[in-house]
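See below for the structure under consideration.
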Amino acid sequence: MKQILTILLCLLTLGAGAQKREKGVTMTLPEQRAATISDVRYDLTFNIPATPKERLHGTAIVSFLLKEKADVTFDFQGRFSGACLVNGKKRVATMRHEHIIIPKKITKKGLNSVEMNFVSSEKALKRHKDYLYTLTTPGSARQWFPCFDQPDLRATFTTQTNMPEGWKALVSDGKTPMSTSHYALMAGRFEEQQLTRDERHLRVLYRDLTAEQKEQLPKLMEEAVQALRWTEGYTGIKYPFETVNIAILPSVPEDMERPGAMLLSDKVFFPNEKPSRDDQQRRLGVVAHEVAHQWFGSIVTQNGTEETWAKEVLANFLADEMTRQQLPKGDRDLNFLQVHQARALAFDRTDATHPIAWNPGKHNHAALLSDDIVCDKSAVMMRALGDIVGQKQLQGALQQFIRNNYLKHASWDELVAILDQQVPQAGVRTFSDVWVKQKGMPVIHTTYRDGQLIISQTDPLGRGIFWPQKFDIRLIYDLERSRTITVEMTHPTVSIKLAHQPSSIIPNYSGRGYGRFTLDKAYSQKLPLRLIVTRGDLHRYALLLTLYDNYLMGNIPPSYFGELYRDMVKEKNPLIMETAISHMISIAANMPPRDRQTLEQCIMDLLAENRRPEFRQTVVRQMTERATSPAVREQLRQMTQTTN
């Protein structure tokens with residue numbers, strides 16, 4: 001009996017030991033390492049093969065301070081022989097369950113150094129014939145080199161690359177402490193352009209670009225410099241990294257930032273040989289967004305994968321503010337609507353289940369990161385937050401947030417706490433609970449009854465919540481007299497006394513509101529008639545969005561296509577053209593085949609009415625992508641041949 005108990009005790013002990021070395025990074029291991037390990041430094045050498053058939057291999061020298069003698073566990077998914085140098089002496093480490101374990105007996109209190117040769121896992125790299133790059137997410141750096149793969153153990157990095165002749169490399173700026181998931185490498189046969197501005201040296205590595213595309217690269221670098229200057233000014237924090245490296249690749253699935261480096265998709269920057277104003281504005285927005293991530297993502301890192309959305313929210317807000325200020329004053333709000341609100345509404349129409357934050361256990365993390373839901377919905381949210389606390393107060397809170405968490409990890413709730421302390425009367429916690437942590441969007445209905453304008457907000461998911469916000473409503477009277485009123489929704493229903501009944505109502509007139517804006521049937525049927533007589537690009541564009549939203553909800557018939565046609569005959573604003581033509585094509589696509597072909601031809605007929613070059617470019621590009629009519633496609637083919 002005693003022998004059986006001894007065997008059982010041994011088995012239990014072995015089981016407990018095995019649990020400490022589970023595959024992946026467990027919760028207990030990071031906590032243990034964070035409590036005992038500090039001042040980490042990686043000295044990495046990568047031997048990069050010329051072909052994808054060979055594996056990347058190298059040497060990692062990891063030095064760190066140990067609070068007391070203890071086992072030291074590295075995370076690694078590649079191949080490791082066990083031979084290593086620990087504090088200059090040859091030792092043998094154990095590799096088990098994706099961990100390299102340095103036993104306590106050969107470590108020491110204070111400074112330790114471990115040198116290991118390794119072969120990377122193939123999962124770590126995006127390999128191509130003559131170039132490669134890493135696309136590391138939290139917890140996956142261990143796929144390509146041995147490390148402490150947790151975000152709160154920031155480290156400095158020194159990198160040496162041994163590459164085939166003619167190759168060039170780009171790595172993250174390793175002199176400022178960063179997490180392993182922020183460390184990145186790219187190498188291959190690339191061309192290069194350079195620029196020096198503000199005592200900063202910028203490099204752009206690229207491949208497979210045309211001569212026309214290469215000519216745009218100096219402007220791209222100037223835009224990056226412009227974004228750096230603006231973000232430093234807004235945040236009050238200097239750019240801390242020594243390098244400004246940009247890589248443009250043909251195969252990268254999404255744009256990505258790393259400390260001192262940006263990896264960008266060529267399809268974003270060069271959708272056309274001759275970019276339209278809209279293309280250029282979109283590109284500037286992407287550059288500004290990735291630059292902003294140097295502050296929200298690299299300088300301040302959000303807590304774990306469950307708050308990755310927060311860095312997207314904050315980076316997108318900074319990018320919005322910067323790009324809007326580069327536009328002529330009249331185009332700033334219009335651009336905000338065009339780039340963000342329209343797409344945010346479109347996403348929420350089709351899937352009203354997404355809050356800005358999400359539960360990573362219930363959603364595919366990578367898919368959501370590549371989705372525009374977070375970026376676009378958050379832009380509206382941040383504008384609404386600025387409305388209730390004040391733009392200066394919001395800027396000050398963001399500056400304090402960065403100072404408090406410089407090169408550390410922080411949560412969204414910490415920013416909320418700063419704002420709540422600075423502007424307690426604004427109700428920021430309640431605002432955040434609804435806008436950030438709740439899914440969906442409200443339906444905001446406006447009606448006139450008994451001398452009052454009644455604006456009611458309802459939650460379509462039946463939870464009884466409402467979204468605090470401000471927006472404008474335009475009231476039209478006989479003889480085209482009109483007035484604009486600002487509605488501040490601090491309660492689900494707001495009533496405003498009117499001296500006279502309006503003949504027409506335009507909800508969300510300036511586009512600041514967030515939701516599905518609806519009217520009584522008698523008023524909604526008049527909305528399309530207001531499009532051509534609405535002055536001001538911003539107001540006309542906001543009406544355009546409201547019309548399309550109500551069309552999708554079935555409140556306006558598809559015959560409003562005719563009003564879109566009438567407006568496009570004389571339209572001058574390229575941003576409005578882009579969206580209106582897209583709406584017209586969508587309406588046509590919902591028709592039976594014969595009617596669709598007729599409407600597609602109507603869109604092409606507009607080219608004879610509106611002869612502006614940007615209008616022609618918009619119609620030809622969108623119709624080339626979406627038209628189904630054989631006659632229209634043949635017409636487009638002939639136009640393209642004539643142009644070439």
Side-chain angles (χ1 to χ4, degrees), residues 208-213 216 250-251 253 265-283 338-339 342-343 345-347 349-350 370 372 528 531-532 541 544-545 547-549 551-552 556-644:
D208 304 332
L209 298 185
T210 65
E212 290 81 2
Q213 291 169 339
Q216 299 177 45
S251 57
S265 166
D266 64 346
K267 292 182 176 58
V268 171
F269 283 88
F270 307 111
N272 303 288
E273 287 296 317
K274 296 180 180 179
S276 65
R277 191 180 85 165
D278 195 29
D279 292 332
Q280 295 178 44
Q281 189 63 32
R282 200 173 288 124
R283 182 178 70 190
Q338 196 270 344
V339 175
R343 287 157 61 195
L345 290 171
F347 279 116
R349 286 189 201 101
T350 56
S370 64
D372 285 331
L531 187 60
I532 197 168
Y541 191 78
L544 187 69
L545 298 181
L547 286 169
Y548 188 64
D549 203 32
Y551 160 72
L552 291 178
I556 294 177
S559 58
Y560 95 95
F561 181 98
E563 300 305 323
L564 292 171
Y565 186 99
R566 290 175 62 204
D567 187 55
M568 287 301 98
V569 167
K570 297 183 178 181
E571 186 58 61
K572 298 178 181 180
N573 191 293
L575 299 180
I576 296 179
M577 294 174 188
E578 187 86 19
T579 300
I581 295 300
S582 176
H583 290 179
M584 293 175 78
I585 295 173
S586 295
I587 293 171
N590 291 332
M591 295 295 174
R594 181 174 295 181
D595 293 339
R596 176 173 184 172
Q597 292 182 16
T598 300
L599 293 183
E600 287 180 351
Q601 187 59 60
C602 286
I603 296 171
M604 296 298 295
D605 291 344
L606 277 168
L607 294 175
E609 303 284 349
N610 191 331
R611 296 182 179 275
R612 293 176 176 83
E614 58 268 36
F615 185 78
R616 177 187 174 90
Q617 186 180 38
T618 295
V619 171
V620 171
R621 182 169 69 245
Q622 291 203 33
M623 291 297 285
T624 299
E625 293 174 355
R626 300 172 63 184
T628 61
S629 166
V632 167
R633 296 192 67 83
E634 175 60 22
Q635 185 179 351
L636 289 164
R637 187 188 67 80
Q638 292 179 7
M639 292 172 64
T640 304
Q641 286 183 341
T642 302
T643 303
N644 293 337

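Looking at Q622, its side chain does come within 3.5 Å of a backbone N or O of E578 through a donor-acceptor pair. For T624 (side chain) and V620 (main-chain N/O), a donor-acceptor pair under 3.5 Å exists by modelled atom type. Within the 3.5 Å criterion, the main-chain N or O of T210 finds a donor-acceptor partner in the side chain of Q213.
Annotation: the span from E563 atom CD to R566 atom CZ amounts to 4.5 Å, rounded to 0.5 Å. Atom CD1 of I581 and atom OG1 of T618 lie 7.5 Å apart (nearest 0.5 Å). A distance of 13.5 Å separates CZ of R616 from CE of M577, quoted to the nearest 0.5 Å. Atom CD1 of I585 sits about 5.0 Å away from atom CZ of R626, to the nearest 0.5 Å. To the nearest 0.5 angstrom, L544 atom CG is 11.5 Å from L575 atom CG. L564 contributes atom CG, which lies 10.5 Å from atom CD1 of I532 (distance to the nearest 0.5 angstrom).
Residues Y548 and S586 meet the side-chain proximity criterion, which asks for heavy atoms closer than 4.5 Å. Side-chain contact between D208 and D266 is absent, with no heavy atoms from C-beta onward closer than 4.5 Å. Counting only heavy atoms from C-beta outward, the side chains of P528 and I556 approach each other to under 4.5 Å.
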> After noting the C-alpha distance and the side-chain angles of Q216 and E212, does the key distance pass the side-chain hydrogen bond (donor to acceptor under 3.5 Å, both in side chains) rule?
Replying inline: CA-CA 7 Å; Q216 299 177 45; E212 290 81 2; over 6 Å; no

Side-chain donor-acceptor pairs of residues 597-611 under 3.5 Å, sequence neighbours excluded:
residue: T598; atom: OG1; partner: R594; partner atom: O; Å: 3.2
residue: E600; atom: OE1; partner: T628; partner atom: N; Å: 3.1
residue: E600; atom: OE1; partner: S629; partner atom: N; Å: 2.8
residue: E600; atom: OE2; partner: R596; partner atom: NE; Å: 3.0
residue: E600; atom: OE2; partner: T628; partner atom: N; Å: 3.1
residue: E600; atom: OE2; partner: T628; partner atom: OG1; Å: 3.3
residue: Q601; atom: NE2; partner: D605; partner atom: OD1; Å: 3.2
residue: Q601; atom: NE2; partner: Q635; partner atom: OE1; Å: 3.4
residue: N610; atom: OD1; partner: R612; partner atom: N; Å: 3.3
residue: N610; atom: OD1; partner: R612; partner atom: NH1; Å: 3.2
residue: N610; atom: ND2; partner: M568; partner atom: O; Å: 2.9
residue: N610; atom: ND2; partner: E571; partner atom: O; Å: 2.9

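Minimum heavy-atom separation, V632 to A627: CG1-CB, 3.9 Å.
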